[in-house]
2 protein chains.
Amino acid sequence: MENRVERIKKQLHEQSYKLTPQREATVQVLLENEEDHLSAEDVYLLVKEKAPEIGLATVYRTLELLNELEVVDKINFGDGVSRYDLRKEGASHSHHHLVCIECGAVDEIQEDLLAEVEKIVEKDYQFKVKDHRLTFHGVCHRCQAKVKKNEESAEAASLHTN
Amino acid sequence: MENRVERIKKQLHEQSYKLTPQREATVQVLLENEEDHLSAEDVYLLVKEKAPEIGLATVYRTLELLNELEVVDKINFGDGVSRYDLRKEGASHSHHHLVCIECGAVDEIQEDLLAEVEKIVEKDYQFKVKDHRLTFHGVCHRCQAKVKKNEESAEAASLHTN
DNA sequence: TATAAAAACGATAACCATTCTCATTTTAAA
DNA sequence: TTTAAAATGAGAATGGTTATCGTTTTTATA
């Protein structure tokens, strides 16, 4: 995975952006937390561990830059903060999420589920699709188990008190 | 459509929320602009025409209340403001949008396109789906026409100058 | 109809994620 | 090494949204 950083650095260089320690540290943090849907604040705190002198504004600027370079995707789950996901390398963007309304866990699902829907949209609505976001809100399997368990113990307690 | 307001009023009453002129005016505005994906500010300005004494905070409170009552859906296109859509009555939620990256126009698409995808998610990911959001970002048919036109005139201009 | 408690209101201050400003530092190429 | 352009950090500014608080309105009851 070391090459991943190198390739991103190369990409910066090719587009004549400067290579700074702050940018490198930010990319490192994103790589080390690839599954975590970090907010700018999250990234800031993590980068600060490596490079304590970094400013929050720089983190925002770097994330914005990486978004423009299509290295990260800026996503929004409606909770008031933007989150930044590293794109799967080479592959398509990753905009399909399962957000658990119980515990807040965010899972990802396979990318090709929408191919058919996209075709219909392009044809029926004469709409040239460039990108898409699909988010399901619901209850993840862990919380389904938890809820079931709680219901059972509540039932047991009710038996005791009656 | 007059009954629509009455039913929402009834719903408020049943859940022992008070019926105020501000709430009624807000619902009226939402009904009269059903296709427009209004922001809170938009609603505020429109309600002010009917009831100039209303405050912005009340509009926010009312929209939040209507969202909890599932009369409106609070949606987010990633442009920094929440928008509020009246739900199609009785029917399911309306969370499928086409957002044009050229002109910002927002169109809606039919609701049943995701039924199959939802089934797969519930089965393969053991995820109980409660709600979903699907947004395509791309170029609407009007802007496709516009872009084509611009390219043609640019070509013509280039011919002249050569 | 009068009354009183709870709910809702308007104005505006507070909040907070994000962006902007600006003086200083760093980068990269000659 | 020099230099101009780019990037940085600190913190002020912005803007959408929420909280506060004293006043007004609603609704249930007498």
Side-chain angles (χ1 to χ4, degrees), chain A residues 8-29 37-69 71-84, chain B residues 8-29 37-69 71-85 104:
Chain A
I8 295 170
K9 282 161 78 174
K10 193 173 163 195
Q11 194 177 347
L12 281 169
H13 187 257
E14 278 168 0
Q15 310 202 23
S16 54
Y17 291 107
K18 293 185 174 169
L19 234 56
T20 66
Q22 291 90 339
R23 285 175 177 172
E24 189 161 352
T26 302
V27 170
Q28 284 287 1
V29 162
H37 308 288
L38 301 175
S39 69
E41 183 81 27
D42 295 336
V43 174
Y44 172 60
L45 293 174
L46 288 166
V47 175
K48 245 180 137 53
E49 292 173 12
K50 290 181 198 297
E53 76 292 346
I54 200 172
L56 180 57
T58 300
V59 171
Y60 272 102
R61 281 185 288 234
T62 303
L63 291 172
E64 198 55 41
L65 173 61
L66 293 174
N67 183 232
E68 276 161 30
L69 295 180
V71 171
V72 305
D73 290 311
K74 186 176 181 177
I75 58 180
N76 189 309
F77 294 132
D79 60 350
V81 296
S82 293
R83 297 175 182 281
Y84 299 84
Chain B
I8 294 171
K9 281 161 78 173
K10 193 175 163 192
Q11 194 177 347
L12 281 169
H13 187 258
E14 278 167 1
Q15 310 202 22
S16 53
Y17 291 107
K18 293 185 175 169
L19 234 59
T20 65
Q22 291 89 340
R23 284 175 178 171
E24 190 161 349
T26 303
V27 170
Q28 284 286 2
V29 162
H37 308 288
L38 300 175
S39 69
E41 183 81 26
D42 294 336
V43 174
Y44 172 61
L45 292 174
L46 288 166
V47 175
K48 245 180 140 50
E49 291 173 11
K50 289 181 199 297
E53 76 291 348
I54 200 171
L56 179 58
T58 299
V59 171
Y60 272 102
R61 281 186 289 236
T62 302
L63 291 172
E64 198 55 40
L65 174 61
L66 293 174
N67 183 233
E68 276 161 29
L69 294 180
V71 171
V72 305
D73 291 311
K74 186 175 180 177
I75 58 180
N76 189 309
F77 294 130
D79 60 351
V81 297
S82 294
R83 297 174 182 281
Y84 299 84
D85 280 14

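In what follows, chains carry the letters A, B, and so on, assigned in the order in which the sequence lines appear, proteins first and then strands, with residues in each chain numbered from 1. Keep in mind that this is a model prediction, so the values were computed, not measured.
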**Student:** Can you tell me if A:S82 touches the phosphate of C:dT18, counting only side-chain N or O atoms and a distance under 4.0 Å to OP1 or OP2?
**Tutor:** yes
**Student:** May I have the distance from B:K48 (atom NZ) to C:dA11 (atom P), rounded to whole angstrom?
**Tutor:** 7 Å
**Student:** Between P on C:dA7 and CG on B:L65, what's the gap in Å once rounded to a whole number?
**Tutor:** 13 Å
**Student:** Between A:L56 (CG) and C:dC16 (P), how many Å, whole number?
**Tutor:** 14 Å
**Student:** Looking only at heavy atoms, what is the nearest atom pair of B:D79 and B:R83, with distance?
**Tutor:** OD2-NH2, 3.0 Å
**Student:** In whole angstrom, what separates A:N67's CG from C:dT19's C1'?
**Tutor:** 15 Å
**Student:** Does a side-chain N or O of A:Y60 approach OP1 or OP2 of C:dT19 to a distance below 4.0 Å, or not?
**Tutor:** no
**Student:** Would you indicate which nucleotide in C:dT12, C:dC9, C:dT18 comes nearest to any side-chain atom of B:T20?
**Tutor:** C:dC9
**Student:** Starting from P on C:dA17, measure out to CZ on A:R83 and report it in whole angstrom.
**Tutor:** 11 Å
**Student:** In chain order, what residues pass the ring-ring contact (aromatic ring centres under 6.0 Å, His included) check against A:Y17, with sequence neighbours excluded?
**Tutor:** none
**Student:** For B:E64 and for B:Y17, find the nucleotide of DNA chain D with the closest heavy atom, then tell me which residue's nucleotide is more 5'.
**Tutor:** B:E64
**Student:** Looking for any heavy atom pair under 4.0 Å, which part of the strands does B:E53 touch: base, sugar-phosphate only, or nothing?
**Tutor:** sugar-phosphate
**Student:** Rounded to whole angstrom units, what separation is found between the CG atom of B:L19 and the P atom of C:dC9?
**Tutor:** 10 Å
**Student:** Going by atom type alone, with no hydrogens or angles, which donor-acceptor pairs under 3.5 Å involve a side-chain atom of residues 43-67 of chain A and a protein atom two or more places apart or on another chain?
**Tutor:**
from	atom 1	to	atom 2	distance (Å)
A:Y44	OH	A:K48	NZ	3.2
A:K48	NZ	A:P52	O	3.2
A:K50	NZ	A:E32	OE1	3.2
A:K50	NZ	A:E32	OE2	3.2
A:T58	OG1	A:R61	NH2	3.3
A:T62	OG1	A:T58	O	2.8
A:E64	OE1	A:K74	NZ	3.4
A:N67	ND2	A:V72	O	3.1

**Student:** Side chain of B:R61 only, heavy atoms from C-beta on: which candidate in C:dT27, C:dA11, C:dA29 is closest?
**Tutor:** C:dA11
**Student:** From NE2 of A:H13 over to C1' of C:dT27, roughly how many Å is that when rounded to an integer?
**Tutor:** 10 Å
**Student:** Mind checking if B:Q22 touches a base, just sugar-phosphate, or nothing, with heavy atoms under 4.0 Å?
**Tutor:** sugar-phosphate
**Student:** Roughly how far, to the nearest 0.5 Å, is the CD1 atom of B:I8 from the NZ atom of B:K10?
**Tutor:** 13.0 Å
**Student:** For the pair A:R23 (side chain) and A:K18 (backbone), establish whether a donor and an acceptor sit closer than 3.5 Å, ignoring hydrogens and angles.
**Tutor:** yes
**Student:** Taking the side chain as every heavy atom from C-beta outward, state whether A:L38 and A:V29 have any atom pair closer than 4.5 Å.
**Tutor:** yes
**Student:** For the atom pair NZ (A:K9) and NE2 (A:H13), what is the distance rounded to the nearest 0.5 Å?
**Tutor:** 11.5 Å
**Student:** How close or far is atom P of C:dT18 from atom CG of A:L38, stated in whole angstroms?
**Tutor:** 13 Å
**Student:** Reading DNA chain D from 5' to 3', where do the contacts with chain B start and stop? Cut-off is 4.0 Å to heavy atoms.
**Tutor:** D:dG16 to D:dA28
